[in-house]
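Report on one structure; see the data block that follows.
One-based numbering along the sequence shown.
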Amino acid sequence: MAAPLPTTKKSVNLAGPVRVSRIRRDPPPIAQKISVSDPEDRDARTVVIGVVSFALAIVIVILGFSTYQGWSPQHVTIRDL
């Protein structure tokens, strides 16, 4: 008859010598400084974008309405003075 296989794991001796990891690791990367934008510059940029987009929307609406009425830029004659 065959002997059964051992099913238990070997016990670990916690009081034994501690092995130090020999894996070399890179130091953590240096944190980059985050530049904080000036709120006044951001507000000025937002105002400029808003004014330009509003003016563009008005121009599109006026051109659309004039095209609907039957006018086109071809009806305008430029004359030299």
Side-chain angles (χ1 to χ4, degrees):
M1 199 171 202
L5 295 173
T7 57
T8 59
K9 294 183 179 180
K10 294 182 182 180
S11 61
V12 177
N13 183 8
L14 297 177
V18 178
R19 218 174 82 192
V20 179
S21 174
R22 294 179 2 201
I23 300 173
R24 293 185 180 178
R25 293 182 176 87
D26 293 333
I30 299 173
Q32 296 179 357
K33 293 182 179 179
I34 299 173
S35 62
V36 179
S37 62
D38 187 21
E40 291 180 10
D41 291 340
R42 188 181 64 229
D43 291 343
R45 190 171 40 240
T46 304
V47 167
V48 168
I49 291 172
V51 168
V52 169
S53 61
F54 187 73
L56 184 63
I58 288 176
V59 168
I60 290 173
V61 167
I62 289 172
L63 286 176
F65 184 71
S66 64
T67 303
Y68 176 74
Q69 294 296 326
W71 180 87
S72 76
Q74 292 177 341
H75 292 115
V76 177
T77 306
I78 299 175
R79 297 182 187 156
D80 290 334
L81 292 177

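Under the side chain to side chain contact (heavy atoms under 4.5 Å, CB included) criterion, I58 pairs with F54, I62, sequence neighbours left out.
Cluster partners of V36, using a side-chain heavy-atom cutoff of under 4.5 Å among ILVMFWY residues and allowing indirect links: none.
Within a 6.0 Å sphere centred on CD of E40, heavy atoms belonging to other residues, nucleotides or ligands number 12 at most.
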